[in-house]
Amino acid sequence: MRDLVAGIRYLGRGQRWVAQHGRWWGFGLIPALIALVLYAGVLTALALWSGDLAAWATPFADGWGEPWQGLLRGVFVALLFAGGLTLSVLTFTAVTLLIGDPFYESLSRAVEESEGHCPPDPDRPLWQEIWIALRDSVHVLLRAAGFGVLLFFLGFVPFLGQTVIPAIGFCVSGFFLAVELTSVAMQRREVPVRERLRLLRGRKGLAVGFGTPVVLLFLIPFVAVVLMPGAVAGATLLVRDLVPDGTEPAPDRDEPAAGPDRAGDPPHGRSAAGAPSGQQGPGAPYGGAPGQPGARGGFGPAPAPFPPNQGQPQAPRYPYPPSGPESSAGRPPAGR
């Protein structure tokens with residue numbers, strides 16, 4: 001339940017962000033308006049031809065009397081149009097993101113920069129970015145279509161088909177819509193589509209809480225266009241918390257990789273128990289891990305901390321010879 005509420009909050013945060021940045025809201029409307037015109041034409045054609053499609057799909061009912069023939073074909077038309085609306089909600093996001101890839105990439109980057117750190121964009125040409133987005137969208141839509149076909153036939157089950165199945169259908173649609181909306185920020189982090197699905201399956205409540213309200217709101221005419229920029233902004237904020245490691249700078253590749261050297265030698269870049277202070281193994285740089293005493297950056301080994309590290313006997317490094325009986329007794333010879 002906590003994840004469900006958190007998903008709804010991300011949607012609200014995204015809408016609030018674009019409301020505070022009106023220029024980006026208007027910028028994000030352009031691809032949504034183009035997609036709206038395309039889908040309005042398709043849904044209008046489906047409404048006009050749904051009766052003929054129902055008669056073509058149910059030839060066995062031609063000899064039935066009334067009211068059974070009209071009831072069957074009426075249910076078929078209702079389910080067909082409901083399936084078309086659900087599919088349009090899912091594909092509207094995918095097509096809008098595909099049309100507006102440069103628009104929403106810029107919008108998502110602006111959201112991340114306003115929140116702090118923005119991961120660098122992958123070094124790929126625009127055509128390759130569009131191809132990856134198209135390929136990933138087809139992958140997600142095929143999975144969603146499989147669930148859609150199953151739910152379509154379950155809709156004929158008495159009582160369950162009119163109560164439970166539509167609720168499940170909205171939740172399934174919301175999950176896959178969340179996958180689509182998070183694709184912009186996920187692609188920037190170079191997270192593959194199967195890994196995205198795995199991450200969101202692990203937080204189903206978060207994905208359903210974010211995507212299902214969007215599905216319900218997108219069913220209202222023209223609302224999808226108005227809410228699309230805020231949905232992309234909210235999905236970007238969700239990804240920042242879902243994949244926190246993606247917002248941190250990549251490690252320095254010049255650092256030596258950890259791994260064993262010769263038999264008995266400690267790995268490069270790691271301190272070994274019993275190793276002399278200021279050395280980490282043959283060929284390894286002087287000093288410890290970054291930010292620790294003896295870190296790389298100076299010349300030669302750093303002075304040993306006081307008291308000296310535990311390990312092999314080591315000559316203490318006093319600036320002046322100590323006085324007293326300890327100067328000649330109980331002290332190991334220097335250099336051992």
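The distance from atom CG of Leu238 to atom CZ of Arg9, rounded to the nearest 0.5 Å, is 13.5 Å. To the nearest 0.5 Å, atoms CG (Leu107) and CH2 (Trp24) are separated by 6.5 Å.
Under a 3.5 Å cut-off, the side chain of Tyr104 and the backbone N or O of Gly28 do form a donor-acceptor pair. In this structure, Arg189 contributes its side chain and Ala185 its backbone to a donor-acceptor pair below 3.5 Å. Trp25 places a side-chain N or O within 3.5 Å of a backbone atom of Val226 that can act as its donor or acceptor partner.
Counting heavy atoms from C-beta outward, Ser106 and Phe27 have side chains that approach closer than 4.5 Å. By the 4.5 Å heavy-atom criterion applied to side chains, Leu72 and Phe60 are counted as neighbours. Using a 4.5 Å heavy-atom threshold, the side chains of Met186 and Leu199 count as touching. A 4.5 Å side-chain heavy-atom check between Val172 and Ile168 finds at least one atom pair inside the cut-off. Under the 4.5 Å side-chain criterion, counting only non-hydrogen atoms from C-beta, Ser137 is not in contact with Leu98. Considering only heavy atoms from C-beta on, Leu36 stays 4.5 Å or farther from Thr96 through its side chain. Between Leu200 and Leu242, some side-chain heavy-atom pair lies under the 4.5 Å cut-off. Using a 4.5 Å heavy-atom cutoff, the side chains of Ser50 and Phe81 are not in contact.
Taking the six-membered ring where the residue is Trp, the centroids of Tyr10 and Phe210 are separated by 6.0 Å or more. Taking the six-membered ring for Trp and the full ring otherwise, the centers of His21 and Trp17 sit less than 6.0 Å from each other.
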query: Are Val140 and Val193 close enough, and set up right, to give a side-chain contact (heavy atoms from CB on, under 4.5 Å), and what steps lead you there?
result: CA-CA 8 Å; Val140 174; Val193 63; 3.8 Å; yes
task: Decide yes or no on side-chain contact (heavy atoms from CB on, under 4.5 Å) for Glu105 and Arg188, but give the supporting numbers first.
output: CA-CA 9 Å; Glu105 177 64 33; Arg188 184 181 300 112; 3.0 Å; yes
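Applying the salt bridge (charged side-chain N to carboxylate O under 4.0 Å, His left out) test to every pair with at least one member in residues 136-163, sequence neighbours left out, gives these pairs: Asp136-Arg196.
Comment: Arg240 engages Glu112 in a salt bridge, judged by a side-chain N to carboxylate O separation of less than 4.0 angstrom.
For Phe156, the CZ atom sits in a packed shell: over 12 heavy atoms of surrounding residues, nucleotides or ligands are nearer than 6.0 Å.
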